[in-house]
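Just so it is clear: chains get the letters A, B, ... in the order the sequence lines come, proteins before strands, and each one is counted from 1. The structure presented is a predicted model; accordingly, all values stated were derived computationally and were not measured.
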There are 2 protein chains.
Amino acid sequence: MVKISDVARHAGVAPSTVSYVLSGKRTISEDTRQRVQESIEALGYRPHAGARALASNRSNVLALMLPLRPGIHVPVVMQFAAAVVTAARAHEHDVLLLTQEEGADGLRRVAGSALADALIVMDVQLRDERIPLLRELNRPSVLLGFPAEPDGLTCVDLDFRAAGALSVRHLAELGHRCVDLVGSPPEVYERETGFAQRVAEGFAESAAAYGVASAVHPCEATPEAARAMAERLLALHPELTAVVVHNEPVVAPLVAAFRELGLRVPEDLSVVALCPDEIAAQAPLPITSIAIPADELGARAVTLLMSKLKGVPVSDATLLPPRLTIRASSAPRH
Amino acid sequence: MVKISDVARHAGVAPSTVSYVLSGKRTISEDTRQRVQESIEALGYRPHAGARALASNRSNVLALMLPLRPGIHVPVVMQFAAAVVTAARAHEHDVLLLTQEEGADGLRRVAGSALADALIVMDVQLRDERIPLLRELNRPSVLLGFPAEPDGLTCVDLDFRAAGALSVRHLAELGHRCVDLVGSPPEVYERETGFAQRVAEGFAESAAAYGVASAVHPCEATPEAARAMAERLLALHPELTAVVVHNEPVVAPLVAAFRELGLRVPEDLSVVALCPDEIAAQAPLPITSIAIPADELGARAVTLLMSKLKGVPVSDATLLPPRLTIRASSAPRH
DNA sequence: GTGAAAGCGCTAACAA
DNA sequence: TTGTTAGCGCTTTCAC
């Protein structure tokens, strides 16, 4: 194995000089830098990660804990992971993969053994055993999502309130005057003070602002519930011309149900969904949608961590703006 | 930070004794072991990963390179990754995540810097820039899939030939006497001497063995091609009662096409697919299928690496047996 | 602008 | 069965 002293000898300098050329932590004459770089190339030198971590107290590794539980949409997780790895590499860091299964112990382990300098935790629950740990751990961390008590933690997420508002805005601008929200299952609203509520709030506020008649309907995540919901909505609001859906499994069945009930989409009824792009794009009728911006979330999580590692303070909450992709399911009211 | 000397002092032993208690590399009296363990607990000691890697020349980290390119079915990748992490943890190892994008350089980097002890590479292409590197690198590796020249490399994959055979066997046992294979796009057969051929071979051999009439039809991966294929098959073989599909995007469209042509599935025509379980299970009509056993592949890849790390030789090729899941698309011929 | 040398925390050879 | 100690390869302080 080629080591720093080999490079130093080859270049006719001290090992510390090689180290400084690599780190840029002190000024080196152009001449020496050149020679050292050439020696590094010539010998194919790569610093030993462990030795580096030991001496510098930095592993240059981020730990990323991903959920594997059902209900999480897998492509979104992968997209997020890929974005994290790519962003980390751009900052000379590597990524250690942990599964949610490992829980708080896993985080404690990689932090305690100095395997990782910082932690990214996806799929944060409102009451999460990892939260208290992350507080006491003296390693920077970023959470994807917001727990019940986010104070002092750095959290990143889609701005769900803005997403709810944006869905209404899109429909209002198409001329719709009556829009209902088909939401998540009832227990999601009861149990969590989380994103489902925020979508509903943004939806309701924006509807009020646009003078659009609106209502929110929690809905179980089954095709049968979707069918029943479609019938109920038509019975309740004959004047309904647009629907926002925030409930992934229900998107396709709901559209199918409306069609079976004799409504044409988008001619008679426009549909906007909050769901992963894969679901919206691959539906029989491509659905206008607002997606979780997994790429941006991953990249942002990493840049936040990098700031924290440098000691630069960052804001606790980062809410990414929603983006709406117009597909075939929404059209002007007529 | 608690270090090994703190534990040693607390337990009244030498640091090396603590090390040996942890590694089990020499016999320790039950009494000492007990005291040391208690001190470890009491102080919350965790060995410094970098120091360990430096002194022992082992990082206890596996690098896992995953594909993100389109065409790869994402849930399968995630499932594989999860299995690798879980298996690695069972062997006291962690997993470093690399993206295919990093290519050979990424592997060289993590191997050269001693970040990882061993490498797992998924989605191996027939002509892959990483293959020559893996040969010359003095780190054990396992490939998922088979390159053109697999000699000397440790490869793991589904036994595609057996999968082809199994699909026929299932249908033959249901009484079908005429079975066609709708395969991958033509260029896959031309370009690759890989899994597509092996499926076709296993299919053809098994058909011959069961005395079943059969034919192989490459098929483009589009709904239109699926529709055309359905028409063509019916025209060619009016007596056809079963079809095997090895072409993910075509599974659902093909079934739909047969139905539109007046055939009932499975009453008039049985269908078996080689595709990820998600696709088979979530089709409008759940499809009897043989899946890529991502869990087993991941676990096996890790155990193979562990053997290699211990210096135990392993066989070059590991072919996992196919498993067929019976769903609603296959039934006895009548 | 550069060098010398003291550790970082652990493992494993050697010694008892 | 246990202790002593010499590194592992790097970073960083101190010195010039």
Side-chain angles (χ1 to χ4, degrees), chain A residues 1-37 39-40 43-61 92 94 109-117 309, chain B residues 1-37 39-40 43-61 92 94 109-117 309:
Chain A
M1 184 202 186
V2 182
K3 40 201 193 192
I4 200 168
S5 57
D6 298 330
V7 176
R9 199 172 318 116
H10 187 273
V13 298
S16 59
T17 300
V18 177
S19 176
Y20 283 120
V21 165
L22 251 18
S23 70
K25 287 188 181 171
R26 80 179 179 192
T27 47
I28 304 279
S29 73
E30 190 43 40
D31 181 48
T32 345
R33 140 173 280 111
Q34 194 77 37
R35 281 209 323 287
V36 170
Q37 285 291 10
S39 298
I40 288 174
L43 302 181
Y45 168 66
R46 296 185 188 274
H48 187 290
R52 210 167 224 198
L54 180 56
S56 69
N57 204 22
R58 274 266 203 279
S59 65
N60 277 27
V61 168
E92 309 270 63
D94 271 284
R109 184 174 59 78
V110 297
S113 65
L115 246 182
D117 295 333
L309 282 171
Chain B
M1 184 203 185
V2 182
K3 40 200 190 193
I4 200 168
S5 57
D6 298 329
V7 176
R9 199 173 318 117
H10 187 272
V13 298
S16 60
T17 300
V18 177
S19 175
Y20 285 120
V21 166
L22 251 18
S23 70
K25 287 189 181 172
R26 80 179 179 192
T27 48
I28 303 281
S29 73
E30 189 45 40
D31 181 48
T32 333
R33 142 175 279 111
Q34 194 76 36
R35 282 210 321 288
V36 170
Q37 286 291 11
S39 298
I40 288 174
L43 303 182
Y45 169 65
R46 298 188 188 270
H48 187 289
R52 212 168 221 197
L54 181 56
S56 69
N57 204 20
R58 274 267 202 279
S59 64
N60 276 28
V61 168
E92 310 271 59
D94 271 284
R109 184 174 58 79
V110 297
S113 65
L115 245 181
D117 295 333
L309 282 171

Nearest heavy-atom pair of [X] and [Y]: which atoms, and what distance?
| X | Y | answer |
| --- | --- | --- |
| Val21(B) | Gln37(B) | CG1-NE2, 4.0 Å |
| Ala8(A) | Pro15(A) | CB-N, 3.5 Å |
| Val36(A) | Val7(A) | O-CG1, 4.3 Å |
| Gly112(A) | Met1(B) | O-CE, 4.3 Å |
| Asn60(B) | Asp117(B) | N-OD2, 2.7 Å |
| Tyr45(A) | Val2(A) | CD1-O, 3.5 Å |

Task: Residues, nucleotides or ligands: over 12 heavy atoms within 6.0 Å of Glu92(A) CD - done: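 Check fails, neighbour count at 12 or below.
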
Side-chain ([X]) to main-chain ([Y]) donor-acceptor, under 3.5 angstrom:
| X | Y | value |
| --- | --- | --- |
| Arg35(A) | Val13(A) | no |
| Arg52(A) | Ser113(B) | no |
| Ser59(B) | Leu115(B) | yes |

Task: Gap between atom CG of Leu22(B) and atom CZ of Arg46(B) - 0.5 Å precision - done: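 Nearest 0.5 Å value for the CZ-CG distance: 11.5 Å.
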
- [ ] Give, for atom CD1 of Ile40(B) and atom CZ of Arg33(B), the distance between the pair rounded to the nearest 0.5 Å.
- [x]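 Reported value, rounded in 0.5 Å steps: 10.0 Å.
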
Open item on the list: What residues from residues 47-57 of chain B pass a heavy-atom cutoff of under 4.0 Å to DNA chain D?
Closed with: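 By residue number: Leu54(B), Ala55(B).
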
Open item on the list: Can you list, in residue-number order, the parts of residues 18-28 of chain A that come under 4.0 Å of DNA chain D, counting heavy atoms only?
Closed with: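 Hits under 4.0 Å, by residue number: Ser19(A), Tyr20(A), Lys25(A), Arg26(A).
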
Task: Sidechain N-carboxylate O distance under 4.0 Å for Arg9(B), Asp6(B) - done: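 Yes, this pair counts.
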
Open item on the list: Holding to salt bridge (charged side-chain N to carboxylate O under 4.0 Å, His left out), I want the full list of residues that pass it with Arg109(B), two or more places apart in sequence or in another chain.
Closed with: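 Counting only residues at least two positions away or on another chain, Arg109(B) forms a salt bridge (charged side-chain N to carboxylate O under 4.0 Å, His left out) with Asp94(A), Glu102(B).
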
Open item on the list: Can you give me the first and the last nucleotide of DNA chain D (5' to 3') that has an atom within less than 4.0 angstrom of a non-hydrogen atom in chain B?
Closed with: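 Nucleotide range in contact with chain B: dT1(D) to dG9(D).
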
Open item on the list: Just to be sure I understand the rule, does Ser29(A) reach a base, reach only the sugar-phosphate, or reach nothing, if contact means heavy atoms closer than 4.0 Å?
Closed with: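 Ser29(A): backbone/sugar contact only, no base atoms under 4.0 Å.
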
TODO: Give Thr17(B) one of three labels, base, sugar-phosphate or nothing, depending on what nucleic acid heavy atoms sit under 4.0 Å from its own.
DONE: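 Since only primed, P, OP1 and OP2 atoms lie under 4.0 Å of Thr17(B), the category is sugar-phosphate.
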
Task: Residue met sooner reading DNA chain C from 5', once Arg46(B) and Asp31(A) are mapped to nucleotides - done: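 Taking each residue's closest nucleotide, the earlier one in sequence belongs to Asp31(A).
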
TODO: May I ask you to test the Val110(A)-Val61(A) pair for a side-chain heavy-atom distance under 4.5 Å?
DONE: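 No, every pair of side-chain atoms sits at 4.5 Å or beyond.
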
- [ ] Extract, from 5' to 3' on DNA chain C, the first and final nucleotides lying under 4.0 angstrom from some heavy atom of chain A.
- [x]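 Counting from the 5' end, contacts occupy dG1(C) to dG9(C).
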
TODO: Can you pull out how bent the helix from dG1(C)-dC16(D) to dA16(C)-dT1(D) is, comparing the axes over its first five and last five pairs, to 10°?
DONE: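 Comparing the first five pairs with the last five, the axes sit 30° apart.
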
